[in-house]
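Lettering follows sequence order; numbering is per chain, from 1.
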Amino acid sequence: MAVPYNHRAIEAKWRVNWEKKPVNVNDGKKPKYYCLDMFPYPSGNGLHVGHWRGYVISDVWSRFKMLQGYYLIHPMGWDAFGLPAENYAIKKGVHPAKSTAENVANIKKQIQDIAAIYDWDMEVNTTDPEFYKWTQWIFVKMFKEGLAYEKEFPINWCPSCKTGLANEEVVNGCCERCGATVTKKNLRQWMLKITKYAERLLNDLDKLDWPEKVKKMQTDWIGKSYGAEVDFAIDGRSEKITVYTTRPDTLYGATFMVLAPEHALAASLATEETKEAVEKYIYDASMKSNVDRLQDKEKTGVFTGSYAINPMNGAKIPIWLSDYVLADYGTGAIMCVPAHDDRDFEFATKFQIPIIQVIAKDGKEIPSMTEAYTEASGTMINSGDWNGMESAVLKKEAPAMIEKMGIGKKTVNYKLRDWVFSRQRYWGEPIPIIHCPKCGNVPVPEEELPLTLPQVESYQPTGTGESPLAAIDEWVNTTCPCCGGPAKRETNTMPQWAGSSWYFLRYVDNKNADELVSREKADKYLPVDMYIGGVEHAVLHLLYSRFYTKFLCDIGVIDFDEPFTKLFNQGMITGKNGIKMSKSKGNVVSPDELVQDYGCDSLRMYELFVGPPELDAEWDDRGIDGVYRFLNRFWKLASDSLEANVPATKEMVKLRHKLVYDITRRLEGFSLNTVISGFMEYTNKLMEIAKKQGGIDKETIETAIVLLAPFAPHIAEELWEKAGHEDSVFHSTWPTADEEAMKDDEIQIPVQINGKTRAVISVPVDISKEEAIAKGKEAVADKLTGTIVKEICVPGKIINIVQKQ
RNA sequence: GCCGGUGUGGCGGAAUUGGCAGACGCAAAGGACUUAAAAUCCUUCGGAAAGUGAUUUCCGUGCCGGUUCGAGUCCGGCCACCGGCACCA
């Protein structure tokens, strides 16, 4: 009798052995495979079972790739700058540097419990000056290339975090981090010109093996639209107003024009009579936050008193101001075609502006419109020379026609805005810029980087729009690297996304003091082949990283312009009823006790067994018993069989190949939950056979151990050793299935009458259709009471007899 | 409002992409072993009806309809829940 499965002893033993003799070694000959987890920010709450899931998925995939003969790059690090870390430190009343270091140590210990095959020699930490030296270096490079610039304008401001935010960080008008309502604040900001890369960021999505959902979200976020800019003269004045439209086909239907209240010409368009109302409207709009604007669904507006001239037909159309027009999209001015746009229709109806239909719906003009007809399909009417054209065709051709006529030009527009890159907080990389009264903005010389974050007593946010760094005179006051005169340092810091936008490049050369990454190592080990993490970063981190990668490619640091070839988003683990695990809800399940009671191997397998990896799953502790029992059964089967050492039977060989085939296919398809059920199913079958034969042959058992190794590494390694191997199971190779050997001689196929199964017959696998049908009919003879109209036989699948009564 | 995703037993889920619906597991019930319990092993486990019984028949994958010899899977029309975007002209 074999000894019972003792997960504590086995796991402790192999933890030590692997530490002594790592299994993932680079012999310089194997091809590389870079499998990356989104690195965590070291929160004080530690890990829960949901965090485990992603790390287990990536580790299983990594070990699978290793067994397939790759040198694995599987690093881990810490995204330790930023608001969460700083807010936690403030709450606990300790310096963020201290709390961050403690949290890193804690989480590292917890992550090591997963027994993932991380290469800790590659570890990075974004708050390490040797790391953020390069975060700052990238900023300096961007500044020199004109991609980082200063601008003062009303930005999104979180009154709770007391800092400015990027557009990507505002969710439904609220702060992405804390949920507070975002307001507007006029601030001098550092911006990154991500818009310069809009077209490439959009087009290169095609190259990526990413979930369609994420690609779609990025596409929508970039928001490319095709249209035209059209110039409208102002009646009685020399200036003109340019509008942007995606529907130039409806130009004849433009019956008014609306400008954003912030438009440069807005105030000047007012007449004696409208002056007061116009100024009030502009003032009120400036006082409104974005959220107010969003919530006021009812349209407001004011007539300026001036008129524009429709360039197509010379019609005089009134110019209005309204805050439903956004100042920073297009030209901040629109032409309004109430007949064919919902918003314009609503506005025109409210302010009694004429509505002119220019596209016939179903060949007819709608007698009295109750809503806009927004489709670009139908024949043009009331449109001068354009009458009779198809709207869909005209929509495409009009921009070029307008350009020819000299009244505008063909244009594309993007929703993507430049990235607000400065934060008024302490815990981030200082922006390496010096403001010199003579020389202007001068970057800190590259050889002087890193510009380290000064130690301060008070790091709490000021709320004034100034960073806490501004209060440290000895740090702020410096000399200009250019002219040597007195100058002041930039006091804003970078957002959390700065370090995470490029950290994956640093892992492979994390100790390089002279370069961000050596070109040789970058060419050899990058980019990332598989990136695993939650979907919440679809338009934040993942977009920023793509932007950074393209920039670094353009300046020759690296030779590829997409960071992550393949992306996998794992679903979230929730508490009961799909409620997100959180400390405040009290539904957090910690992995620590589960590892103690059931072992790391059981928890790893259960994390996968709870459901398809890409979907959310509700955690239920009870289910882990199932995989624990399975591991016990597998342990017993394997150790008993290794002792018994029975010869292989045909049946065993067949099952062995089927097992390899099924597990490999499911694993490659990322159907990890069914891999686990597959192991259970085959183990049950093998146990049946073992009961009769006194065991299972060694080769089959060894094959199963190798297949199981990525999922339950400890037990696999222990059994592998018991089977007499001195080297690690991870130095064997992933088995391949011989499809010939899998074939059964006899197969079971159902016999149906009119699509309903009436019998199941056993037939030779190579039986002819005719014979199969004959046998099938025999089996259901007593139920064939009518006239047979059709006989269907799909070889190996089904027989269906269609009969009529 | 627009765009995605999901909907299958008491529960988590499976179904080789059009071919025996409910694999595998949890929970539950009954039994074996045990002085007893735990552990382990065996059996049952979608619903309804008929039969002493092995079994048989009908219904069943959110709802309604269609295509097909055959639909959880394909098509059309709805419903519910969960995400994303939301005055981008």
In whole angstrom, give the distance that lies between atom [atom1] of [X] and atom [atom2] of [N].
| X | N | atom1 | atom2 | value |
| --- | --- | --- | --- | --- |
| I747(A) | C20(B) | CD1 | P | 13 Å |
| Y5(A) | A39(B) | OH | P | 17 Å |
| N632(A) | A38(B) | CG | P | 17 Å |
| K685(A) | A23(B) | NZ | P | 13 Å |
| N754(A) | U68(B) | CG | P | 15 Å |

Any ion pair linking [Y] and [X] (charged N to carboxylate O, less than 4.0 Å)?
| X | Y | value |
| --- | --- | --- |
| R665(A) | E668(A) | no |
| D662(A) | K658(A) | no |
| K299(A) | E346(A) | yes |
| K769(A) | E791(A) | no |

W210(A)-F568(A) aromatic ring centre distance below 6.0 Å: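 No, the ring centres sit 6.0 Å or more apart.
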For [N], does either OP1 or OP2 sit under 4.0 Å from a side-chain N or O belonging to [X]?
| X | N | result |
| --- | --- | --- |
| R633(A) | C24(B) | no |
| R629(A) | C41(B) | no |
| Y324(A) | A89(B) | no |

Within residues 657-676 of chain A: residues closer than 4.0 Å to RNA chain B (heavy atoms):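 Only N673(A), T674(A) qualify.
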Parallel, tilted or perpendicular, as decided by the 30° and 60° cut-offs, for the rings of F351(A) and W320(A):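 Geometry flag for F351(A) against W320(A): tilted rings.
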Upstream residue (5' side of RNA chain B) when G626(A) and S225(A) are each assigned their closest nucleotide: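 Between the two, 5'-proximity favours G626(A).
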Per-nucleotide protein contact string for nucleotides 2-10 of chain B, where B marks a base within reach and S marks sugar-phosphate only (heavy atoms under 4.0 Å, - for neither): -S-------
